[in-house]
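Residue numbers start at 1 and run along the sequence shown.
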Amino acid sequence: VITSTAFAAENAINKPIVISGTKFTYPLIEKWIAEYSKVNPRLKIQITQKLVAGQTADLNIIAHQPDKEEFVSGDNKFVYAGKYALLPVTNPNNPILANAKKGLSKKEIDKLFFDVVNFDIDPTDRKPTYEVAVYSSDSKACASNALADYFGHQTSQIRGNKVLGDDIYLLSAVKKDSIGVAYNNLGYIYDTDSRKLKEGLALLPLDLKKDAREILTGDLDNVIGVLENTKIETIPIEYISFVYSSTNPNKEVLDFLKWVLTEGQQYNHEKGFLRLGYQAIVEQTNRLNQRLLTLK
């Protein structure tokens, strides 16, 4: 019995934990995996964009607020693992950079990016003040959902041109279009090594208070510092979450999630993500601890 139990435990260790989901989070997840392997080298964790036939993920990473449909069976649970911000970017040659010197307000951003028919007001009030070409990802993409939810709209109401594939392609479109604009996450907008904006991009001018103007310096660490301490109404911030099965919980999976909530947070900034706040970490850790107790 002892031998068979030990064999089962060893087999569980050798079986890799499979992670899949939203692609733009992969650099951070890969960093977590690399660092966690130093703590628990016997455990194998692999990340895959597409699951093969018959394969299931132990953890699914999502970057939007979970829909009821995703938890309709009550089988899935989610744990916040970090946060990301969406910044509006444009082509450095866009005339809006010179014409919107005071910076765009939330209302102006709303009109710029969303095509909404409001029958209670004059339709001309919804026309954007500046001529731009909006680029956005597919309506099912997490970033599109986060952007639309933040401004109180549907993803179908985002203006302009739809770019299929990963959100990184939005930046390619903006670089080729002198009036192109798009929202994208920090890890894509900035070079995470130099901490500067990627070549061929400029931040769309925003109406910012004095204590938030460091965002316009083009330094990633300044941007993250401001966003973790100040709410800016023109910049959506959303959670990234791990989704796991509650009916067949895996102790190795839960231990990895606990590490992400504590030790793993120190690597979020490096990859362009925000850390969870203290209260969120306590709440998520307590949730996992309760789950772990059921396994003992």
Side-chain angles (χ1 to χ4, degrees), residues 1-2 4-22 25-48 56-85 142 146 224 227-229 237-271 273-296:
V1 173
I2 294 175
S4 61
T5 302
F7 177 79
E10 181 69 21
N11 190 49
I13 287 288
N14 290 332
K15 183 182 178 182
I17 292 173
V18 178
I19 301 175
S20 188
T22 305
T25 65
Y26 285 9
L28 176 58
I29 298 173
E30 288 167 352
K31 180 65 176 179
W32 283 336
I33 292 172
E35 295 300 325
Y36 189 67
S37 67
K38 298 175 184 178
V39 179
N40 192 350
R42 296 175 63 202
L43 181 65
K44 297 179 177 63
I45 306 177
Q46 65 183 48
I47 187 167
T48 179
T56 58
D58 298 287
L59 291 170
N60 280 295
I61 188 80
I62 61 173
H64 64 277
Q65 285 299 306
D67 299 324
K68 290 182 180 179
E69 290 76 12
E70 293 177 272
F71 297 91
V72 66
S73 67
D75 176 50
N76 294 324
K77 300 293 182 182
F78 70 94
V79 172
Y80 293 143
K83 295 186 289 184
Y84 71 98
C142 287
I224 291 174
L227 293 178
E228 284 192 333
N229 295 287
I237 294 177
E238 184 58 272
Y239 288 103
I240 59 172
S241 308
F242 279 116
V243 180
Y244 66 95
S245 171
S246 64
T247 57
N248 188 27
N250 182 319
K251 184 178 183 303
E252 298 295 339
V253 169
L254 299 181
D255 284 341
F256 171 67
L257 293 178
K258 281 189 65 177
W259 180 90
V260 166
L261 288 172
T262 52
E263 300 301 318
Q265 294 296 299
Q266 65 184 296
Y267 305 108
N268 290 24
H269 290 181
E270 178 183 333
K271 299 302 179 181
F273 291 83
L274 281 62
R275 296 170 183 164
L276 293 175
Y278 173 77
Q279 189 60 39
I281 290 175
V282 171
E283 291 173 356
Q284 302 304 300
T285 302
N286 288 341
R287 183 182 299 179
L288 289 175
N289 284 337
Q290 291 175 2
R291 186 63 56 186
L292 280 166
L293 286 173
T294 65
L295 303 180
K296 296 179 180 180

- Message: Quick one: does any side-chain atom of Gln265 pair with a main-chain N or O of Val260 as donor and acceptor, under 3.5 Å?
- Response: yes
- Item | Any donor-acceptor pair under 3.5 Å from Tyr26 side chain to Gly21 backbone | yes
- Item | Value rounded to 0.5 Å, distance of CG in Leu274 from CG in Asn268 | 8.0 Å
- Output the distance between atom CG (Leu288) and atom CZ (Phe256), rounded to the nearest 0.5 Å. 11.5 Å
- Closest heavy-atom pair and its distance - Leu276, Lys83: CD2-CG, 4.2 Å
- Message: What's the separation between atom CZ in Arg275 and atom NE2 in His269, rounded to the nearest 0.5 Å?
- Response: 4.0 Å
- Task: Would you check if Trp32 and Trp259 make a side-chain contact, meaning some heavy-atom pair closer than 4.5 Å?
- Result: yes
- Task: Specify whether Tyr239 and Tyr80 have parallel, tilted or perpendicular ring planes, treating 30° as the upper limit for parallel and 60° as the lower limit for perpendicular.
- Result: parallel
- Is the shortest distance from a Lys or Arg side-chain nitrogen in Arg287 or Glu283 to a carboxylate oxygen in the other one below 4.0 Å? no
- Message: Strictly distance-based, threshold 3.5 Å: is any side-chain N or O of Thr285 a donor or acceptor partner for the main-chain N or O of Val282?
- Response: no
- Query: Do you know the tightest heavy-atom contact between Gln284 and Phe78?
  - Reply: OE1-O, 4.2 Å
- Query: Could you give the distance from CD1 (Ile29) to CD1 (Ile240), rounded to the nearest 0.5 Å?
  - Reply: 6.5 Å
- Can you name the nearest heavy-atom pair linking Lys38 to Pro41, along with the distance? O-CD, 4.1 Å
- Message: I'd like to know if the side chain of Tyr84 and the backbone of Ala63 have a donor-acceptor N/O pair within less than 3.5 Å.
- Response: yes
- Item | Tyr244 side chain reached by Leu254 side chain, heavy atoms, under 4.5 Å | yes
- Nearest 0.5 Å, what's the CG-CD1 distance between Asn40 and Ile45? 7.5 Å
- Can Lys258 and Asn289 be counted as having a side-chain donor-acceptor contact under 3.5 angstrom? yes
- Task: Mind listing the closest non-hydrogen atom pair of Leu227 and Ile237 along with its distance?
- Result: O-CD1, 3.9 Å
- Query: Any donor and acceptor pair, going by atom type alone, linking the side chain of Ser20 with main-chain N or O of Thr48 inside 3.5 Å?
  - Reply: yes
